[in-house]
Protein chains: 2
Amino acid sequence: MSVDEERRSTRVKRLPREVRERQILDAAVRVFSQYGYHNASMDEISEVAGVSKPMIYAYLGHKEDLFAACIRREATMLMEAIAAGVTTEQAPDMQLWHGLRAFFQFVGEQKQSWRVLHRQATSQGGPFSEELLAMRSRAINLVDALLVRSATTRGEAPAKSTEALAAALVGASESLADWWLDHPEVSDKTVASWLMNLVWMGFGDLVTGTVWTPTPE
Amino acid sequence: MSVDEERRSTRVKRLPREVRERQILDAAVRVFSQYGYHNASMDEISEVAGVSKPMIYAYLGHKEDLFAACIRREATMLMEAIAAGVTTEQAPDMQLWHGLRAFFQFVGEQKQSWRVLHRQATSQGGPFSEELLAMRSRAINLVDALLVRSATTRGEAPAKSTEALAAALVGASESLADWWLDHPEVSDKTVASWLMNLVWMGFGDLVTGTVWTPTPE
DNA sequence: CTCCTTACCTACTCTTCAGTAGGCTACGGA
DNA sequence: TCCGTAGCCTACTGAAGAGTAGGTAAGGAG
């Protein structure tokens, strides 16, 4: 059996476009998350995906398009995971709690997705980060709305600062998620509860020993 | 007068190495902060600096070295600015308050420095980010120590979570600083006080209307 | 005046990699 | 059985940009 014959026989069969696109995106997320956007080469992605480079261009377009597609897919998954845990009927603190839990659970399960979202997309000033910045804004708006609602239901005028604080909270979550990647011995629930206590009760209470606990469902 | 003669006559005189190095670093910070590490070219940096490319290589070494030098210089300035405002004699909340104020003041005054530190260095997985990660760790350790001290002086065992919370706070500060870049109408003091209230009092107090205020010095 | 060091430049090389041209083959329908 | 389309590849081009070779010249020391 010649080399050519062997290669032909062991080559995976022709697959429908859908499947290939998934394979390519999976590979791209892996490679981007490992090397970063610029150091990731289309050649390596095609190799990991098990297809040739022109296939990528045919199906997903240029490098930037491919990256944007990765971001879009992973960010959508993240947002959906969070949305699944939160309903507007819950009290504000419970909404935040479930949101945080869902977030850390996602990060714990999809470390690569998280890396490509956070570490890569944030930085590059190029046209791709827009996709990611938009998602981040959505997250901030979500938290902002939560804060505004919880203030107004108590009859107060919403503070000017809610949007800024929402941004701070999102940043805190991201940073804590990064810390967590280096300390995997802690459970996702524990990490979430730390942050919950910080933002809901403040350091002041860390010092005095008061803690927030979720009310039983 | 020929072109050559004009060029020669308008050319800035020979300058000592020190001065050139400063010019080059200034240019590098500007260009890196605008385009990001990868999209910044040595040619452009040399042009902005007003020297030729080989000068950069002679004085500051390769691209990575140059970038690391930028990070080191800017990060050192930031840490010194923060350290200048904080003394260990102050109460924990005042230490945090002054640290935050110094931080936001620095960001407000040195936007480019901040961009190159935060947006660029965090992301690239290369050998340079180590410089930055080290600085970030120092900041986290500083906050961690603050939390541990404030807990132990109250006779409590320090919680396991202080390091994680310190990371969260640093992330919140970074994220809030980014938000602030897009909302320059707010004063640095105001932004600092928002974050201070968040971390010291929690959202719970935002909702109930309690606020932390610095005790008069 | 000569020599040597230090400042400084032009004009390359060489590599890496995004993106493409052009074609081959499996397979379903007419 | 012939044809069209969709899956798939090898083998290239072209540009950008990091890094360098090999110089010129200013100016101080002797």
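Order of the sequence lines sets the chain letters (A, B, ...), proteins ahead of strands, with each chain counted from 1.
Residue B/Ser41 is in sugar-phosphate contact alone, with no base atom involved, counting any heavy-atom pair closer than 4.0 Å across all strands shown.
Atom pair B/Gln23:CD and C/dA7:C1' shows a separation of 13 Å (rounding to whole Å applied). Rounded to an integer number of Å, the gap from A/Tyr57 OH to D/dC9 C1' is 16 Å. Following rounding to the nearest Å, A/Leu66 (CG) and C/dC17 (C1') show an atom-to-atom distance of 15 Å. Separating the NZ atom of B/Lys63 from the P atom of D/dT20 is a distance of 15 Å, rounded to the nearest angstrom. One interatomic measurement links the two molecules: CG of A/Leu15 to P of C/dA26, which rounds to 14 Å at whole-angstrom precision. Put simply, CD on B/Glu64 is 17 Å from P on D/dG17, counting in whole angstrom units. Spacing between atom CE of B/Met55 and atom P of D/dG19 amounts to 17 Å, rounded to whole angstrom units. The CG-C1' distance, from A/Asp43 to C/dT15, rounds to 14 Å in whole Å.
Neither OP1 nor OP2 of D/dA18 sits under 4.0 Å from any side-chain N or O of B/His38. Residue A/Arg20 has a polar side-chain atom (N or O) positioned under 4.0 Å from OP1 or OP2 of D/dC8. The phosphate of D/dA6 (OP1 or OP2) has no side-chain N or O of A/Tyr59 nearer than 4.0 angstrom.
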Would you list the protein and nucleotides 12-16 of chain D atom pairs, both N or O, that sit under 3.5 Å from each other?
none

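Side-chain proximity of B/Arg14 to the nucleotides C/dT6, D/dC9, D/dT20 is greatest for C/dT6. Among D/dT20, C/dC8, D/dT10, the nucleotide with an atom closest to any side-chain atom of B/His62 is D/dT20.
Distance alone, capped at 3.5 Å, is enough to place a donor-acceptor pair between the A/Ser187 side chain and the A/Thr190 backbone.
No donor-acceptor contact under 3.5 Å links the side chain of B/Arg17 to the base of C/dA7.
The 5' end of DNA chain C is approached more closely, in terms of each residue's nearest nucleotide, by B/Glu18 than by the other of B/Glu18 and A/Met42.
In summary, A/Asp65 and A/Arg72 do not engage in a salt bridge, as defined by a charged side-chain N under 4.0 Å from a carboxylate O.
Atom CZ of A/Arg101 is surrounded by more than 12 heavy atoms from other residues, nucleotides or ligands within 6.0 Å.
Remark: B/Lys63 qualifies as a cation-pi partner of B/Tyr37 under the 6.0 Å distance and 45° angle criteria applied to the six-membered ring.
Checked against the 6.0 Å centroid threshold, B/Trp114 and B/Phe104 do not count as a close aromatic pair.
In this structure B/Tyr57 satisfies the ring pair (Phe, Tyr, Trp, His ring centres under 6.0 Å) test together with B/His62, sequence neighbours excluded. A/Arg22 is linked by a side-chain hydrogen bond (donor to acceptor under 3.5 Å, both in side chains) to nothing, counting only residues two or more places apart in sequence or in another chain.
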